[in-house]
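Structure first, then comments.
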Amino acid sequence: EVDLYEDFSCPHCADLAKSTDEEMKQAIEDGKLVVHVRTLNFLDGKDVENQDGYSTKAAAAISELAKSGDVKTYWNLRDYMMQNQQSVVPQWGIEDIADQAKELGAEDDVVESMKDVDIKQGNKVAKTNYDKLDKETGSVSSPRIVQNGKDVPSEKDQKAGKNLGDWVEIVTQ
């Protein structure tokens, strides 16, 4: 069981998603892994409680989708946003994110709740995740994989030639 910390504006997070999401998904489907995706918004600015940038909008909208329990659309939307980060980040708002969720299969009532979500929800989600990461590790950055309060890969893993791209293998051994 791990926490995956990511910011939808972070190019390194998109790179990690592109390189490890298929392996992560397979490990989840095989029952070898539980992942808690913890969205951050620190790339919107230092005051993570009062932001209105893309990362915060994404956190608000995707948290509303997560509440619906529609795991398939959540996975596909997160994947779409990471895979297409460079083209969506500069201009997408909450409505655009909700419209993409609809295209990916979200129910109409869920799409409407995503469109109506208060951006403060994104700030709240991000702040909660920011505080959890800071408390567990003493710093906030992304992407991060944390297992039992410790970063993956560990120093020992790194000395053995492992890097963040090996995280699924490391935690499912």
**Request:** Measure the CG-CG distance between D3 and N148 for me, rounded to the nearest 0.5 Å.
**Result:** 9.5 Å
**Those residues that, when tested against K18, pass side-chain hydrogen bond (donor to acceptor under 3.5 Å, both in side chains) (two or more places apart)** = none
**Message:** Starting from V125, can I reach W75 by hopping between I/L/V/M/F/W/Y residues whose side chains sit under 4.5 Å apart?
**Reply:** no
**Request:** Using a cut-off of 6.0 Å, state whether more than 12 heavy atoms not belonging to K132 lie near its atom NZ.
**Result:** yes
**Prompt:** Listed by chain and number, what are the side-chain hydrogen bond (donor to acceptor under 3.5 Å, both in side chains) partners of D99, not counting sequence neighbours?
**Reply:** K115
**Y5 reachable from V2 in the ILVMFWY side-chain graph, under 4.5 Å edges** = no
**Asked** Within the distance-only criterion (no hydrogens, no angle test), does the side chain of N84 pair as donor or acceptor with the backbone N or O of Y80 below 3.5 angstrom?
**Response** yes
**Prompt:** How long is the span from the OH atom in Y54 to the CE atom in M81, to the nearest 0.5 Å?
**Reply:** 3.5 Å
**Fill in**
When rounded to the nearest 0.5 Å, the distance separating CD1 of I145 from CZ of R38 is 12.0 Å
**Message:** Quick one: does any side-chain atom of D166 pair with a main-chain N or O of N163 as donor and acceptor, under 3.5 Å?
**Reply:** yes
Show me, pair by pair, the donor-acceptor contacts under 3.5 angstrom made by side chains of residues 101-109, not counting sequence neighbours?
unit_1: K102; atom_1: NZ; unit_2: D108; atom_2: OD1; d: 2.3

**Request:** May I ask you to decide if Q51's main-chain N or O and N123's side chain share a donor-acceptor pair within less than 3.5 Å?
**Result:** yes
**Gap between atom CD1 of I62 and atom CD of E64 - 0.5 Å precision** = 12.0 Å
**Message:** Quick check: closest heavy atoms across S141 and L40, and the distance to 0.1 Å?
**Reply:** O-CD1, 4.1 Å
**Request:** State yes or no: do F42 and V146 share one hydrophobic cluster built from I, L, V, M, F, W and Y residues joined by side-chain heavy-atom distances below 4.5 Å, directly or via other members?
**Result:** yes
**Message:** Which residue is it: D157, T172, D151, T20? I am looking for the one with a side-chain hydrogen bond (donor to acceptor under 3.5 Å, both in side chains) to W167.
**Reply:** T20
**Asked** With a 3.5 Å cut-off and no angle check, do the side chains of D47 and N50 form a donor-acceptor pair?
**Response** yes
**Request:** Kindly give the heavy-atom pair with the smallest separation between K57 and I94, and that separation in Å.
**Result:** CB-CG1, 3.6 Å
**Asked** Is there a donor-acceptor pair under 3.5 Å between the side chain of Q158 and the backbone N or O of P153?
**Response** yes
**Request:** Under the side-chain contact (heavy atoms from CB on, under 4.5 Å) rule, what do M82 and Q85 come out as? Steps first, then yes or no, please.
**Result:** CA-CA 5 Å; M82 288 299 192; Q85 185 185 77; 4.2 Å; yes
**Message:** Are there over 12 heavy-atom neighbours, none belonging to H36, within less than 6.0 Å of that residue's NE2?
**Reply:** yes
**Asked** For the atom pair OG (S142) and CZ (F8), what is the distance rounded to the nearest 0.5 Å?
**Response** 11.0 Å
**Set of side-chain hydrogen bond (donor to acceptor under 3.5 Å, both in side chains) partners for S63, sequence neighbours left out** = Q121
**Message:** Strictly distance-based, threshold 3.5 Å: is any side-chain N or O of N76 a donor or acceptor partner for the main-chain N or O of K72?
**Reply:** yes
**Heavy-atom side-chain contact between Q86 and P11 under 4.5 Å** = yes
**Request:** State which residues pass salt bridge (charged side-chain N to carboxylate O under 4.0 Å, His left out) with D21; sequence neighbours excluded, sorted by chain then number.
**Result:** R78
**Request:** Count the heavy atoms belonging to other residues, nucleotides or ligands that lie under 6.0 Å from CD of E155, then report whether that count exceeds 12.
**Result:** no
**Message:** Quick check for you: to the nearest 0.5 Å, what is the distance between L16 atom CG and E6 atom CD?
**Reply:** 8.0 Å
**Prompt:** Where is the tightest heavy-atom contact between A58 and I97, given as atom of each residue plus distance?
**Reply:** CA-CD1, 3.6 Å
**Asked** Would you say D96's side chain and G93's backbone share a donor-acceptor pair under 3.5 angstrom?
**Response** yes
**Prompt:** Do side-chain atoms of N41 reach the backbone of S55 as a donor and acceptor pair under 3.5 angstrom?
**Reply:** no
**Item:** Non-hydrogen atoms of L77 and M114 that approach each other most closely
**Value:** CD2-CE, 3.9 Å
**Message:** Donor-acceptor pair, distance only, cut-off 3.5 Å: does the side chain of D70 make one with the backbone of T73?
**Reply:** yes
**Asked** Between the main-chain N or O of G165 and the side-chain N or O of E169, is there a donor-acceptor pair closer than 3.5 Å?
**Response** no
**Asked** Are S139 and R144 close enough that some pair of their side-chain heavy atoms sits under 4.5 Å apart?
**Response** yes
**Request:** With sequence neighbours left out, write down each residue that passes side-chain hydrogen bond (donor to acceptor under 3.5 Å, both in side chains) with E22, or none if nothing qualifies.
**Result:** none
